[in-house]
Amino acid sequence: MVVVRQQPESRFPGGLEGQWVSLEELAELELFKSGKRAFKVKINTNFAPQAGKPEPGIKAAVRREYQAGQVICSAGEYGSTAFLIVEGSATAFVPQRATPKPVPGRSRGSLARITDMFRRRTQATRAVPADELAVGEVSRYASLEAGAVPPPVALGPGDFFGIDTCINFYPREATVRAEQRCVVIEMLRSVLDTIRDAGTASGKIEETYQAAAIRNQIRLSRLMHDLSDAEVEQLVAKAELVVPDSDQVKNGVIYAEGEPADAIYLIRAGTVKVSQIRDGTERIFSYLGRGSAFGFENVLPSRQKAPLVLRCVSHPELIAPLEIKGALTIGRGASCEIALPRENSAVGRKHARLEERDGEVAIVDLESANFTLLNGERIQRATVKSGDRVTIVDYVFDISREPLEQTVVAVPIVRSATVTGLDSFEIVKIDVAAVKLAARHNDRFAASLTQVARTLEASAYREGGGQREIVKPLVELNLYNSQNTLLIDLDRCTRCDECVKACSDAHDGVARFTRDGPRFGKYLVTMACRSCTDPKCMVGCPVGSIRRTDSLEIQIEDWCIGCERCANQCPFGNINMVERAAAPAPIVAEGKEAAAAPVQLKATVCDLCSGYDSPNCVYACPHDAAIRVNPAEFLSATDTR
């Protein structure tokens with residue numbers, strides 16, 4: 001971590017604008033009642049006023065008043081605060097389409113120029129609709145487009161809202177509008193984190209958040225557009241929210257190849273990898289992000305192929321039909337899955353074994369004295385298929401494909417791949433039996449489910465040569481979840497440092513990035529903020545001074561206390577600590593030296609030049625080498641060569 005000196009600046013009390021709420025007032029609210037010592041310590045730290053002053057140095061919670069019809073918060077906007085209703089009522093609703101505010105300081109003409117900067121030089125230009133936001137300027141995650149919006153939710157005293165953006169760092173999903181005079185307590189993310197970590201209301205907050213997350217994701221998924229309100233609620237009742245800390249997730253694995261296919265999944269946040277292990281090598285099929293769905297093995301008719309069944313035709317009353325799954329040993333030993341009579345000594349204790357692997361079945365003779373015959377021929381090992389006949393001494397078995405309901409042992413349809421979370425994720429898991437039940441009673445949903453499932457599965461399990469070449473370095477460099485990354489084309493760059501100088505000039509002499517970093521083919525991935533979809537820097541700020549604004553930039557407020565947590569948590573070292581202006585020297589008695597004021601630090605990060613007409617680093621490059629892009633959309637397989 002580099003420490004550089006910043007120009008002097010004044011330190012004013014920070015936090016939220018509005019009427020500060022005292023500790024005594026908060027203590028009367030149910031949300032802030034807790035007997036836990038850790039909670040009381042944190043709340044006092046957040047809310048206690050400074051010595052000799054009526055208000056705290058950082059106003060972490062304030063009282064706001066809204067009149068009927070006023071919007072308290074809007075869908076599609078990034079936020080860093082949550083709300084608690086004290087008086088009045090409000091309505092939360094998801095609009096048909098929510099679009100975030102444009103980047104401050106950017107005109108339509110400047111956005112067109114930036115779009116041209118972001119375009120691959122090898123791509124043909126296309127007309128950009130007048131209402132389309134510029135590429136790389138506003139996250140595609142900041143827009144919601146719903147085909148079947150959830151019904152409005154009435155809110156009253158004691159209800160809280162806006163917690164979604166504080167928990168998952170994505171834009172707000174709902175707009176909340178006051179229905180009558182409404183008084184709310186607005187609090188920074190750090191306060192909500194305190195309640196979730198140590199407050200007695202933590203369980204209620206988590207329950208409310210998860211219920212809303214599940215319901216909204218099912219409603220907003222294009223897969224579910226043909227469901228009625230009642231059918232949606234039936235799925236909600238059979239769904240759960242899966243996160244990295246969930247019991248079913250082991251080392252990031254959501255499910256593994258070969259496990260029962262008992263659910264389908266909707267990705268609400270994060271990125272997952274779909275892969276298989278073959279001959280000790282990982283075979284990657286796809287990377288899926290927010291809005292994708294997966295896990296359709298038990299839904300697609302094409303995947304419900306009748307299994308191979310072993311049926312004893314010589315002694316049907318003695319041995320029941322059995323589906324061939326995994327390993328089945330045939331012999332007279334007690335441990336054999338297919339146990340033949342012990343008194344028949346011509347049969348070996350472990351005579352032969354059927355092995356099912358990767359959809360193929362083989363039969364292996366286990367060095368028996370009286371051999372194993374396949375279609376009348378002695379074998380040591382051979383692949384079997386439907387129509388084959390196996391003979392072991394006096395026992396004759398036919399192998400055939402039969403519907404599951406006709407077999408005695410019905411093994412569930414299993415996963416054909418392993419799905420692993422690559423970062424923090426939220427995934428809605430829906431019981432497959434509930435999905436099938438809805439499909440049986442809703443023909444339109446059944447047809448839509450089959451069509452979408454086939455499309456998604458074909459995409460997820462298709463290996464493309466170029467895709468394989470690009471996804472590995474994208475993941476290794478953590479570029480798959482980067483939304484706005486500063487790349488430098490090393491074939492064009494002359495190392496003139498004009499980009500760094502321009503950044504420094506625009507930010508009081510302190511450059512917000514370093515012209516260094518890993519390489520992706522001919523591109524240098526600079527040490528500048530990447531606007532991650534999973535911003536680890538924003539987790540756990542004790543004073544809530546780091547947040548994402550309506551555009552992509554991460555903003556660090558002046559009330560930053562210099563704890564260095566965000567800088568230490570950034571995986572790429574893209575946040576630096578700078579020295580604040582020295583405090584005024586205290587007045588001391590003659591002949592005595594004043595104690596040196598401690599150095600005070602503040603975190604700084606690239607803000608994408610918000611407020612300027614264009615990113616200064618890109619604009620200043622005389623060779624068109626500096627570009628800001630969404631790496632997953634911009635880079636191609638040819639860049640790795």
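All residue numbers refer to positions in the sequence shown, counting from 1.
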Nearest-0.5 Å distance that lies between atom SG in Cys529 and atom CD1 in Ile575: 7.0 Å
Heavy-atom neighbours of Glu17 CD exceed 12 at 6.0 Å: no
From CA spacing to verdict: side chain to side chain donor-acceptor pair (under 3.5 Å), Glu179, Thr91: CA-CA 7 Å; Glu179 293 302 318; Thr91 300; 3.0 Å; yes
Student check: side-chain heavy atoms of Thr271 and Asp534 closer than 4.5 Å: no
Closest non-hydrogen atom pair, Gly199 against Lys36: O-NZ, 4.2 Å
Rounded distance [0.5 Å steps], SG in Cys532 versus CG in Asp423: 9.0 Å
Pair Glu426, Tyr209: side-chain N/O donor-acceptor within cut-off below 3.5 Å: yes
Heavy-atom check, side chain of Met187 versus side chain of Phe160, under 4.5 Å: no
Nearest heavy-atom neighbours spanning Val184 and Tyr66: CG2-CE1, 3.7 Å
Derivation and outcome, salt bridge (charged side-chain N to carboxylate O under 4.0 Å, His left out), residues Lys204 and Glu30: CA-CA 11 Å; Lys204 182 181 178 182; Glu30 190 65 33; over 6 Å; no
CG-CD1 distance between Leu155 and Ile72, expressed to the nearest 0.5 angstrom: 8.0 Å
Leu486 side chain near Val618 side chain, heavy-atom distance below 4.5 Å: yes
Parallel, tilted or perpendicular: ring planes of Tyr265 versus Phe294, cut at 30 and 60 degrees: parallel
For Cys566 against Ile546, the heavy-atom pair lying closest together: CB-CD1, 4.0 Å
4.5 Å side-chain heavy-atom contact, Ile254 and Phe425: yes
Residue pair Asp505 / Asn616, side-chain heavy-atom distance below 4.5 Å: no
Heavy-atom check, side chain of Gln217 versus side chain of Ile427, under 4.5 Å: no
Check: Leu235 and Val232 side chains under 4.5 Å, non-hydrogen atoms: no
Side-chain donor-acceptor contact under 3.5 Å, Asp607 with His507: yes
Shortest non-hydrogen contact from Arg177 toward Gly69: CG-O, 3.6 Å
Glu25 vs Ile185 side-chain heavy atoms within contact, under 4.5 Å: no
Side-chain (Asn568) to main-chain (Arg565) donor-acceptor, under 3.5 angstrom: no
Arg268 with Glu173: basic N within carboxylate O range, under 4.0 Å: yes
Heavy-atom neighbours of Lys536 NZ exceed 12 at 6.0 Å: yes
Spacing of CG belonging to Leu16 relative to CH2 belonging to Trp559, to within rounding of 0.5 Å: 6.0 Å
Side chain Ser202, main chain Ala198, donor-acceptor under 3.5 Å: no
Reported CZ-to-CG distance for the pair Arg290 and Leu266, which is rounded to 0.5 angstrom: 12.5 Å
Where Cys560 and Ser545 come nearest, the two heavy atoms and their spacing: CA-OG, 3.6 Å
Residue from Asp247, Val428, Val249 passing side chain to side chain contact (heavy atoms under 4.5 Å, CB included) with Val242: Val249
Arg215 vs Glu233, salt bridge (charged side-chain N to carboxylate O under 4.0 Å, His left out): CA-CA, chis, key distance, verdict: CA-CA 8 Å; Arg215 182 171 285 102; Glu233 291 305 315; 3.0 Å; yes
